[in-house]
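Just so it is clear: chains get the letters A, B, ... in the order the sequence lines come, proteins before strands, and each one is counted from 1. Side-chain atoms are counted along with the backbone in the values below, which use heavy atoms only and exclude waters and symmetry mates.
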Amino acid sequence: MTHWTHTLAQFSSVIRNGADFAPGEIICPNYSVARGVEVYRNNYRGNLHDTLAGAYPVMRLLVGEDFFRVLAKCFIEQHPSRSGNLHRYGGEMAAFLTHFERTRHLPYLPDMARLEWAYHHAYFADDLPPFDLSRLASVAPDSYGDLLWKLHPGCTLLTSDYPLSQLWLAHQAGVPDAFDINMNEGGEHVLVHRNEEGVELIHIAPASCHWLLRLQRGLPMGVATEATISDYPDFDLATALRHYLAQGVLVGFDIAGEEG
Amino acid sequence: MCQLPCMAGIGLRASHYQQVLEQRPALGWVEVHSENFFGGGAPLRTLRQVAEQYPVSLHGVGMGLASPDPLDAGHLRELRRLCDAVNPASVSEHLCWNTVGGIAINDLLPFPYTRDALTHVADRIRQVQDALGRRILIENLSYYVAFRSSEMREEEFLTELVARTGCGILFDVNNLFVNAVNLGVDADAFIHGIPAEAVGEYHLAGPSLMDGCLVDTHSAPVFDEAWDLYEKALRHIGKRPTLIEWDVDIPALEVLQGEACKAQQRMDAVGFTNANYSVRGELVEP
């Protein structure tokens, strides 16, 4: 490591871990070195805090602004940023909360973090050209079972033990303050997805979630559908396929054995 | 070939998107932070609409040209894609670093101006220019600590970068003002030290005095001292597209337009058009 890159490694440690520069390394004629360094430490914490606050607005409302600051500080200490693009920061929040003692009394909080990250992810996901239905027409019907569907890269499927999307909706701007949600009334399956209108949270049937998850894992449609029907005999493939094509959730396919 | 019109423009932030698209106010051009439009969806759709109405400058805050780590290929690819999508009149980055050992500090960080660093940064500017197929402007930094190990001044470093890579300079007048106050940087030496013909854009903003340090917060009207420096630059370097930046406590659009108007008046009164300034967005010669 040449001297100047060594200085930057030290600078990083000064900003993040409260280390000190080597004596004489820094020149600050008009204020102390500590004052100069403080600007960078404040920026570092402030930028990451604001990024988390932007990605997790409902969580911030649920725990309150002051406690969110504490929580964010702990998160930042454990999870440094890895990208020059701040929109990528904060994805480990749900995993962090699973081990965070101080919010253990809010067992639905990790799921809410998952939901908000899914929303954030969908919001910034790439645009894709619309799916060309004529491609499907060119597939022989007896090959349908081999279709390997691609889900929109912004899609996330979530399963929670709590009525998550209700709780999320109740905390959106313009929704009356008073709401009555029984957190023990049962869970739900949510599809977070961006369409032409923006990001949507769609409460979906367990069978649809079961099927889409298997497609997302890369199973051929025939295998995925058999598995879903064995758990949910009422699942209707044609309806689901039409629906999720129209919604822009299914955006393309390969054919098993022909990919690559 | 495309370039920004030699007029005053404003930094366009989310709080003004709707008003700008609906009312189409008279603005010479607008600048946005590139990273805010990486990916797709509503942000990119909005920027495409803006780009239909105004010349757009893409101003990067996350490339980390001076980072010791390898350039983030994904970041560069996203920038390239954004350029293809909105055909910007200008693309710029900062003379700073943000990542070492895989850990990013999402800020604009200074480094010692050494000959080794110069080789490194020049190489990375070439990589970016090659990937984008165009010249970029490099912005001088506001910084709060200076390194004893620096072997040259920032203007010398920038001048060398221009000579080695063909890049242009985005001269942030407020950054120079802040550095002059905080660290005793010689502002006149800077203005006279950078190659005038390489300057493609000026930035202006208002800082905040906090505990004896002038912090470049982009949160206030331009200070009188910075206007004075701007006039000096106009006299010595010439008229260039000039941006009003405001990022914190963002005021009404009319306030930004008022600041842009002040810049325009100074350009009209003081600046000469140095017709052969050479920073244009054309393809870099191989």
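At a 4.5 Å heavy-atom cutoff, the contact between Leu108(B) and chain A is made by backbone atoms alone. In this structure, chain B has no heavy atom under 4.5 Å from any part of Arg45(A). Using a 4.5 Å cut-off between heavy atoms, Met63(B) makes no contact with chain A at all. Of the two parts of Tyr89(A), neither the backbone nor the side chain holds a non-hydrogen atom closer than 4.5 Å to a non-hydrogen atom of chain B. Using a 4.5 Å cut-off between heavy atoms, Leu48(A) contacts chain B through its side chain alone, with no backbone atom that close. Both the backbone and the side chain of Ile26(A) come within contact range of chain B, each with at least one heavy atom under 4.5 Å from a heavy atom of that chain. Interface remark: Tyr113(B) contributes no atoms to any contact with chain A (heavy atom separation under 4.5 Å).
The 12-atom threshold is not exceeded at CG of Asp224(B), counting heavy atoms of other residues, nucleotides or ligands nearer than 6.0 Å. Heavy-atom neighbours of Arg88(A) CZ from other residues, nucleotides or ligands within 6.0 Å: at or below the threshold of 12.
Residue with the most contacts toward chain B among Pro29(A), Gly154(A), Ala122(A): Pro29(A) (heavy-atom pairs, distance under 4.5 Å). In terms of heavy-atom pairs under 4.5 Å with chain A, the best-connected choice from Gly64(B), Ser149(B), Gly60(B) is Ser149(B). The residue among Phe21(A), Tyr123(A), Tyr44(A) with the most heavy atom pairs within less than 4.5 Å of chain B is Tyr123(A). Highest contact tally toward chain A, considering only Ser34(B), Pro68(B), Ser67(B), is held by Pro68(B) [criterion: heavy-atom pairs under 4.5 Å]. Per-residue heavy-atom pair counts under 4.5 Å with chain A were compared for Gly39(B), Ala117(B), Pro43(B), Ala66(B), and the maximum is reached by Ala117(B). Ranked by heavy-atom pairs under 4.5 Å with chain A, the first of Pro112(B), Gly62(B), Ala104(B) is Ala104(B). Interface remark: of the candidates His87(A), Glu25(A), Glu38(A), Arg35(A), Arg35(A) forms the most heavy-atom pairs closer than 4.5 Å to chain B.
Residues Asn30(A) and Gly184(B) approach most closely at ND2-N, 4.3 Å, considering heavy atoms. Of all heavy-atom pairs between Gly84(A) and Asn98(B), the closest is CA-ND2, 3.8 Å. Listed here is the closest heavy atom pair of Arg81(B) and Asp126(A): NH2-OD1, 2.8 Å. When all heavy atoms are compared, the tightest approach of Leu8(A) to Pro110(B) is CD2-O, 4.2 Å.
The CD1 atom of Ile15(A) sits 7.0 Å away from atom CG of Asp107(B), with the distance rounded to the nearest 0.5 Å. Atom OG in Ser13(A) sits 9.0 Å away from atom CD1 in Ile105(B) (nearest 0.5 Å). The distance from atom CZ of Arg82(A) to atom CG of Asp69(B), rounded to the nearest 0.5 Å, is 10.0 Å. Note: Leu86(A) CG to Glu35(B) CD = 8.5 Å, rounded to the nearest 0.5 Å. With rounding to the nearest 0.5 Å, the separation of CZ in Phe11(A) from CH2 in Trp97(B) is 6.5 Å. The distance from the CD1 atom of Ile27(A) to the OG atom of Ser150(B) is 7.5 Å, given to the nearest 0.5 Å.
In this structure, Tyr40(A) has its ring center under 6.0 Å from that of Tyr144(B).
With hydrogens and angles left out, the side-chain atoms of Asn106(B) and Asn47(A) include no donor and acceptor closer than 3.5 Å.
Listed by sequence position, Arg194(A), Glu196(A) are the residues of residues 188-202 of chain A in contact with chain B, using a 4.5 angstrom heavy-atom cutoff. Contacts of residues 59-81 of chain A with chain B at a heavy-atom distance below 4.5 Å involve Pro80(A), Ser81(A), listed in sequence order.
No side-chain heavy atom of His3(A) sits under 4.5 Å from any side-chain heavy atom of Thr114(B).
Under the 3.5 Å distance criterion, the side-chain polar atoms of Arg148(B) are matched with a main-chain donor or acceptor of Gly24(A). The backbone N or O of Gly41(B) lies less than 3.5 Å from a partner atom in the side chain of Asp127(A), making a donor-acceptor pair.
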Item to check | side-chain contact (heavy atoms from CB on, under 4.5 Å) between Phe147(B) and Thr7(A), intermediate numbers included | outcome: CA-CA 9 Å; Phe147(B) 297 91; Thr7(A) 302; 3.5 Å; yes

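In this pair, Trp4(A) and His120(B) present their aromatic rings tilted. The plane angle is within the 30 to 60° band.
Each of Asn182(B), Asp211(B), Val145(B) was scored for a side chain to side chain contact (heavy atoms under 4.5 Å, CB included) with Tyr31(A), with one residue passing: Asn182(B).
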